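Small disclaimer: the values here were computed from a predicted structure and weren't measured.
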Amino acid sequence: MTNLIKSASQEMRGIIMSAMGVLVANGSFPAEALPAFNIEIPADKTHGDFATNAAMVLAKPLKMPPRKIAELICSEAVLDGSCFSKCEIAGPGFINFFLSQSWFSNVVSSVLSDGNNYGRTSTGNGKKILVEFVSANPTGPMHIGNARGGAIGDCLASVLDWAGYEVAREFYVNDAGNQVEKFGKSLFLRFMQICSAEGQSLITKCPDNESFCQAIYDDAETFPMPEDVYLGVDIIAHAKNYYDANGSELSAKDESEIKTTLSNYALPLNIEGLERDLKKYNITYDTWFRESVLHNNGDVMKIVELLKERGYTYEQDGAIWFQASKFGDDKDRVLVRANGIPTYFVPDIAYHYNKLVTRGYDIAIDVLGADHHGYIPRMRAALTALGIDPSRLDIVIMQMVRLVRNGETVKLSKRSGKAITLSTLLDEVPISAARFFFNLRESNSQFDFDLDLAIEQSSQNPVYYVQYAHARICSIISNLAAEGISAKKLSDEQMNVLTQPEEIALIRYIASLPNEIDTAARDYDPSKITRYSVEIATLFHKFYTACRVKGESEEILQARLSLCNAAKIVIKNTLDILKVDAPEQM
RNA sequence: GCGUUCGUAGCUCAGCUGGAUAGAGCAUUAGACUCCGACUCUAAAGGCCGCAGGUUCGACUCCUGUCGAGCGCACCA
């Protein structure tokens, strides 16, 4: 739980505050409330490790030039016994503070003692967060958008865990409602086609299932399908598999029974498939929450009743409406259709009610595709109407992924039967690379997934760059071990020989990991950690070319070996957050 | 039309919720292994931060307008 950047920054604030206290006491500053000032980390390290704009914000109320104020503050700043070695005035009136050598040494020893927990913070204070992501329809395989959602959601959950939240991962299974109806209808139609004379003759022509399914799919004239059903070959395959196992007997039953039977047969298989594919992608969920539960236990209708009781519903054209516009939504929304069936909105409210009230999570996060962003105000409106603080629901929107192959965008369509599935993607692209790639950018920016590039496994994919840094460190350590040299535990004083610019730059960045985790958690942006890992690898590679470990004097060698071990820990920890392998050799 | 996300180097993107001379990677050019892994490193070149106003000591960052792109705007989910 060490965050040396944060504690240094707090120490600096204390120094400035007491300096200003002295100045007020001796009459140099007025006793009135002084404006708030910032402490920041300058991009340019010649401007110190920390800088404050205190003198500049004071200029106006004190009617004094900022540099003059800065001089006064600096003259009263007591650095003895602090982690700072000096402070100076620069530019228009910034006061720049420089960290002492012992601070840097302390960073290395702290990392070594925290080990695989280095970077963890307690910012979340054990708040319970539920992260729901992917939640793909169980009516078909997952596509590339789900792959992005999976990588983002899973890593976001890790980041929050590292930031001290109590995190659970959940998959919401839409195993009820309209799309399941549609699923049953699609299976029914395909099953009847298989049992038809045309289907039977095709079976003799195509003995293996793969070519059979493709043949039916391709021949839309002989085997026509309506617009509003699922057309993918996976549907045909389910129908064919059922047929292979049970024959055509079912086709004599009435339509609704066929639909139910086939749906009950195929849906569990699909859900197992989702679980299997996600596991392959290194994602395991704490819970798989089924929508059907909410229908069966009466929660869905209970929501309608609750909203009615509170007086936020009305009837119009035979439907029951929710006054969403009273709570910031664009317009009112239908809860129960004129035909008596609730819209998807109601079980969704029930689901969020279940998360936040029944199960008592402090915060629920949904990772959703950009095509769902319009749904946020309506869900917040519903929560507000139910007396739940809507800020407890946070939505992470991820923009669409465009798949690029040979420089051309591949049209994504669940219905075409040809969409690239998560499973086939992982056959082509290494899992680590895919996860890393999908977390390289903010979720809220659209990007092109260049299939050729990802498959190529070239060094353009930064995951290899980071992994190489890790392997390189392991190699240094094992080379030294072969000579009988192992790392010793050093005191901070012994570490004070780490003064080269490359060493200092590396240590400084190592020290910022806890901060980085906090901001990634605050912004719900795991891509910050991905970029952090690339940067730490860069700084290590630079250190490596500038500073030798092997062959140096005992004291330098040991200090650098400690630094290598610290860097290794940091790379390993960040890759763990991303669930990317940290290989010892490549 | 309304809402929403976005527009930064030739390309792909950072820029820490207002700070100092706007940063990386790829691509281009020129260099570095008798030495811990060259899957690496050093350097050059590359910019009206979409455009126009405004707010202030100070704007890529905040506000307004405008142009361009993606995504939404069902008694579908």
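- A:Arg560 comes within 4.0 angstrom of no nucleic acid atom, judged by non-hydrogen atoms across all strands.
- For the C1' atoms, the distance linking B:rC51 with B:rC13 amounts to 22 Å, nearest Å.
- Between atom CD1 of residue A:Ile152 and atom CZ of residue A:Arg441 there is a gap of 11.0 Å, rounded to the nearest 0.5 Å.
- Looking at heavy-atom distances under 4.0 Å, A:Ala471 makes contact with a base.
- At B:rG37, none of the side-chain N or O atoms of A:Tyr465 fall inside 4.0 Å of OP1 or OP2 (strictly under the cut-off).
- Nucleic acid contact for A:Ala51: base, since at least one base atom lies under 4.0 Å from a heavy atom of the residue.
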Exercise for review: Please test A:Glu88 against A:Asn96 for side-chain hydrogen bond (donor to acceptor under 3.5 Å, both in side chains), starting from the C-alpha separation and ending with a verdict.
Suggested key: CA-CA 5 Å; A:Glu88 56 186 39; A:Asn96 298 332; 5.1 Å; no
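- The separation between A:Lys331 atom NZ and B:rC2 atom P is 14 Å, rounded to whole Å.
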Find every protein N or O atom lying less than 3.5 Å from an N or O atom of nucleotides 22-25 of chain B, and list the pairs.
none

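- The separation between A:Asp329 atom CG and B:rU4 atom P is 12 Å, rounded to whole Å.
- Rounded to a whole angstrom, the distance from the P atom of B:rA52 to that of B:rU42 is 37 Å.
- Annotated as anti: B:rC36, whose glycosidic dihedral deviates from 0 by more than 90°.
- Helical stems in RNA chain B, defined as runs of 3 or more consecutive Watson-Crick or G-U wobble pairs with both donor-acceptor distances under 3.5 Å, are listed by first residue as B:1-7 with B:67-73, B:10-13 with B:23-26, B:28-32 with B:40-44, B:50-54 with B:62-66.
- If you measure from atom NZ of A:Lys550 to atom C1' of B:rC35, you get 9 Å, rounded to the nearest angstrom.
- Out of B:rG19, B:rG70, B:rG15, the shortest distance to the side chain of A:Gln399 is found at B:rG70.
- The separation of B:rU29 from B:rG10, taken at their C1' atoms, amounts to 15 Å, rounded to a whole angstrom.
- Nearest nucleotide to the A:Arg378 side chain, out of B:rA77, B:rC39, B:rU40: B:rA77.
- Within the cation-pi definition used here (under 6.0 Å to the ring centroid, within 45° of the axis), A:Lys182 qualifies as a partner of A:Tyr230.
- Counting non-hydrogen atoms under 4.0 angstrom, A:Leu440 reaches nothing in the nucleic acid.
- Note on A:Asp44: nothing from the nucleic acid sits closer than 4.0 angstrom, heavy atoms only.
- With salt bridges taken as basic N to acidic carboxylate O contacts below 4.0 Å, one links A:Asp366 and A:Lys355.
- The six-membered or imidazole ring of A:Phe345 lies away from that of A:Tyr375, with a centre-to-centre distance of 6.0 Å or more.
- Between A:Arg531 and A:Glu442, no side-chain nitrogen of the basic residue sits less than 4.0 Å from a carboxylate oxygen of the acidic one, so the salt-bridge criterion is not met.
- Relative to the side chain of A:Tyr464, the nucleotides B:rA14, B:rC39, B:rA77 differ in distance, and B:rC39 lies closest.
- Distance, A:Arg67 CZ to B:rC57 P: 19 Å, rounded to whole Å.
- Nucleotides B:rC63 and B:rA59 are separated by 12 Å at their C1' atoms, to the nearest Å.
- Residue contacts for A:Gln585: at a heavy-atom cut-off of 4.0 Å it reaches a base atom on one of the strands shown.
- Between A:Asn38 atom CG and B:rA20 atom C1' the separation is 15 Å, expressed in whole Å.
- Counting only heavy atoms from C-beta on, A:Tyr344 has its side chain closest to B:rA77 among B:rC16, B:rA77, B:rU5.
- For A:Phe171 and A:Phe289, the ring centers are positioned 6.0 Å apart or more.
- Between A:Asp228 and A:Lys185, at least one side-chain nitrogen of the basic residue sits less than 4.0 Å from a carboxylate oxygen of the acidic one, meeting the salt-bridge criterion.
- Among the protein residues, A:Asn96 comes within range of the nucleic acid bases, having at least one heavy atom under 4.0 Å from a base atom.
- Classification of A:Glu483 and A:Lys550 as a salt-bridged pair holds, one side-chain N sitting under 4.0 Å from a carboxylate O.
- A distance of about 8 Å separates the C1' atoms of B:rG68 and B:rG50, rounded to the whole Å.
- In this structure, A:Ser475 reaches the B:rG37 phosphate: one of its side-chain N or O atoms is under 4.0 Å from OP1 or OP2.
- The ring of A:Phe94 lies on top of the base of B:rA20, close enough and flat enough: under 5.5 Å between centres, under 30° between planes.
- What separates CZ of A:Phe322 from C1' of B:rA74 is a distance of 17 Å, to the nearest Å.
- If you check every strand for non-hydrogen atoms under 4.0 Å, A:His541 touches sugar and phosphate atoms only.
- Counting distance only, with no hydrogens placed and no angle test, the side-chain atoms of A:His372 and the base atoms of B:rG72 include no donor-acceptor pair under 3.5 Å.
- Mapping A:Thr519 and A:Arg472 onto RNA chain B by nearest heavy atom places A:Thr519 at the nucleotide closer to the 5' end.
- As judged by a 4.0 angstrom heavy-atom cut-off over every strand, A:Phe345 is placed among residues making no nucleic acid contact.
- In this structure, A:Asp518 does not pair ionically with A:Arg522, as no charged nitrogen and carboxylate oxygen lie closer than 4.0 Å.
- The nucleotide whose nearest atom lies closest to any side-chain atom of A:Arg441 is, among B:rA77, B:rC13, B:rC41, B:rC13.
- Close placement of the A:Tyr509 and A:Tyr532 rings is indicated, their centers lying within 6.0 Å of each other.
- Contacts of A:Ala338 with the nucleic acid, taken as non-hydrogen atoms under 4.0 Å apart, include base atoms.
- Among the heavy atoms of the strands lying under 4.0 Å from A:Arg531 are primed sugar atoms or P, OP1, OP2 only; no base atom is included.
- The CD1-P distance, from A:Ile41 to B:rA14, rounds to 20 Å in whole Å.
- Residues A:Arg560 and A:Glu503 are paired through a salt bridge, judged by an N-O separation under 4.0 Å between the basic side chain and the carboxylate.
- Residue-level contact check: A:Cys474 touches neither bases nor backbone, having no heavy atom under 4.0 Å from any strand.
- No contact: A:Glu483 has no heavy atom under 4.0 Å from any strand.
- Look at the P atom in both B:rC33 and B:rC11: the space between them is 35 Å, to the nearest Å.
- Rounded to the nearest Å, the gap between the C1' atom of B:rG53 and that of B:rC71 is 29 Å.
- Distances from the side chain of A:Val334 to the nucleotides B:rC75, B:rG37, B:rC16 place B:rC75 closest.
- A cation-pi contact links A:Arg13 to A:Phe37, judged by a cut-off of 6.0 Å to the six-membered ring centre and 45° from its axis.
- At least one test fails for A:Arg472 against the ring of A:Phe540: distance under 6.0 Å to the centre or angle within 45° of the axis.
- B:rA9 and B:rG72 have their P atoms separated by 27 Å, with the value rounded to a whole Å.
- Where A:Gly551 and A:Ala370 meet RNA chain B, the nucleotide closest to each residue was compared, and A:Gly551 sits on the side nearer the 5' end.
- In this structure, A:Asn53 reaches the bases: a heavy-atom distance under 4.0 Å links it to at least one base atom across the strands shown.
- Among B:rC36, B:rC6, B:rA20, the nucleotide with an atom closest to any side-chain atom of A:Ala90 is B:rA20.
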